[in-house]
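For clarity, every value in this text was computed on a predicted model and none was experimentally measured. As the structure lists them, so they are numbered: ligands from 1, and atoms in each ligand from 1. Keep in mind that the numbers below use all heavy atoms, side chains included, and drop hydrogens, waters and symmetry copies.
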Amino acid sequence: MDGLEVVVTGIKLSHPIMNASGVLASTPEGVARLIDAGVSAVVTKTLTKEPREGYKTPITIPLPIGLLNAVGLANPGIEAVGKLVETGHSLGKPVIVSIGGRDPEEFLYLAEKALEAGADALELNLSCPHTPGYGVDAAKTIKTIKEVVKNTASISNKPVWAKLGYSRLLVKEAGAALEAGASALVLINTIPGMKIDVYALKPILSHGYGGLSGPAIHPIAVYSIYMVYREYKPEIIGAGGAVDWETAIELLAAGAKAVQIATAFHLKGYNIIKEIINGIKQYLKQTKRKNITEIIGSATK
Ligand SMILES: Cc1cc2nc3c(=O)[nH]c(=O)nc-3n(C[C@H](O)[C@H](O)[C@H](O)COP(=O)(O)O)c2cc1C
């Protein structure tokens with residue numbers, strides 16, 4: 001016992017750090033590599049009904065402040081879910097399956113497949129900002145958010161996590177998702193953004209616009225988690241610019257019970273997970289705290 005254990009929607013985690021959807025977990029090898037890197041749970045790439053190739057390159061642009069991406073939800077499709085879950089389980093880790101439907105019926109279909117495969121929780125992608133038909137597009141209104149969550153939760157014997165992005169209506173959307181039966185919220189997805197080549201006078205990403213992640217969005221993630229936690233005290237899994245122990249602790253202090261990492265893998269490589277965990281251990285020692293749970297939401301008090 002090193003004081004890092006957390007329980008998220010009933011799932012026992014040896015520490016609060018996992019990958020965020022989109023990073024590597026679209027193949028069994030990717031799942032194994034993440035587990036080797038030290039994540040306490042694996043979150044799969046968002047899986048859609050059919051496989052998707054995604055957009056043409058360039059699909060990512062590294063920026064001094066983070067990363068801009070428009071991958072276009074490239075994924076092997078829901079039929080790949082069995083092998084992903086099996087690999088995670090054979091290595092002793094819970095697997096959270098991220099699903100992305102175009103409408104409430106498609107979410108239901110994907111949820112059934114993921115549950116049949118043994119998913120430990122479902123993460124509903126209601127927030128990808130750059131793939132027309134999916135993400136924010138499939139969850140355009142509070143009514144649709146409610147419908148997707150309610151439908152999915154009604155057939156699920158496993159926790160349903162609703163992943164939302166920042167918006168002016170975030171607190172309302174979060175409330176609607178919780179009311180509809182979400183066991184937890186994942187906050188936040190990337191934030192729409194773009195970059196233009198000043199000589200070509202054209203957007204650099206092949207899709208034109210994309211999603212901004214990494215350090216640039218960290219204060220927005222802290223704010224989003226803080227506002228939602230203060231309002232409802234729900235279980236939150238934080239994502240957005242956690243690139244070291246300090247930025248991870250901020251998300252926890254704002255109200256997250258666990259932290260997801262995406263861009264930091266691009267910036268710092270696989271060692272990032274162990275680096276953050278060691279940093280959190282040091283922090284607990286330095287601040288004379290026995291358990292990481294002592295700091296969850298403490299900045300809202
Ligand atoms: C290359 C890339 C691919 C992503 N793909 C997905 C995805 O498939 N589904 C999803 O819900 N979020 C996806 N995201 C968003 C991340 O899961 C995360 O919410 C966001 O990047 C903020 O965390 P970060 O600052 O640690 O990157 C992706 C992010 C990146 C950078």
Original post:
Is G240 near ligand 1, meaning one of its heavy atoms is under 4.0 Å from it?
Top reply: yes

**OP:** Indicate yes or no: does an N/O atom of I188 lie under 3.5 Å from an N/O atom of ligand 1?
**Re:** yes

Original post:
Hey, is H218 touching ligand 1 through its side chain, its backbone, both or neither, going by heavy atoms under 4.0 Å?
Top reply: neither

**OP:** Carefully, step by step, assess L108 and I155 under the rule side chain to side chain contact (heavy atoms under 4.5 Å, CB included).
**Re:** CA-CA 8 Å; L108 211 50; I155 60 139; 3.9 Å; yes

Subject >> Neighbour count above 12 (heavy atom, 6.0 Å) for K268 NZ >> reply: yes

Original post:
With a 4.0 Å cut-off on heavy atoms, is A264 touching ligand 1?
Top reply: no

**OP:** Evaluate the criterion side chain to side chain contact (heavy atoms under 4.5 Å, CB included) for residue pair L284 and L4; output intermediate values, then yes/no.
**Re:** CA-CA 9 Å; L284 287 183; L4 294 188; 3.8 Å; yes

Subject >> Distance from atom 1 (C) of ligand 1 to nearest protein heavy atom, with residue and atom >> reply: N69 CG, 3.8 Å

**OP:** State whether the number of non-hydrogen atoms from other residues, nucleotides or ligands found under 6.0 Å of Y223 atom OH is greater than 12.
**Re:** no

**OP:** Would you check the N or O atoms of S98, main chain and side chain alike, for any that come under 3.5 Å of an N or O of ligand 1?
**Re:** no

Original post:
Would you find more than 12 non-hydrogen atoms of other residues, nucleotides or ligands less than 6.0 Å from K233 atom NZ?
Top reply: yes

Subject >> Residues which pass salt bridge (charged side-chain N to carboxylate O under 4.0 Å, His left out) with E231, listed by chain and number, not counting sequence neighbours >> reply: none

Original post:
Which part of V186 is near ligand 1, with near meaning a heavy atom under 4.0 Å away: side chain, backbone, both or neither?
Top reply: neither

Subject >> Option among P76, S21, S26 that satisfies the side chain to side chain contact (heavy atoms under 4.5 Å, CB included) test with L47 >> reply: P76

Original post:
For ligand 1, which atoms have a heavy atom of K45 less than 4.0 angstrom away?
Top reply: 5 (N), 6 (C), 7 (C), 8 (O)

**OP:** Do me a favour and list the nearest non-hydrogen protein atom to atom 14 (N) of ligand 1 with residue, atom name and distance?
**Re:** S21 O, 3.3 Å

Original post:
Based purely on interatomic distance, does T263 place a nitrogen or oxygen under 3.5 Å from a nitrogen or oxygen of ligand 1?
Top reply: yes

Original post:
Is the distance between the ring centroids of Y55 and H207 less than 6.0 Å?
Top reply: yes

Original post:
Quick one: does T190 get an N or O within less than 3.5 Å of an N or O on ligand 1?
Top reply: no

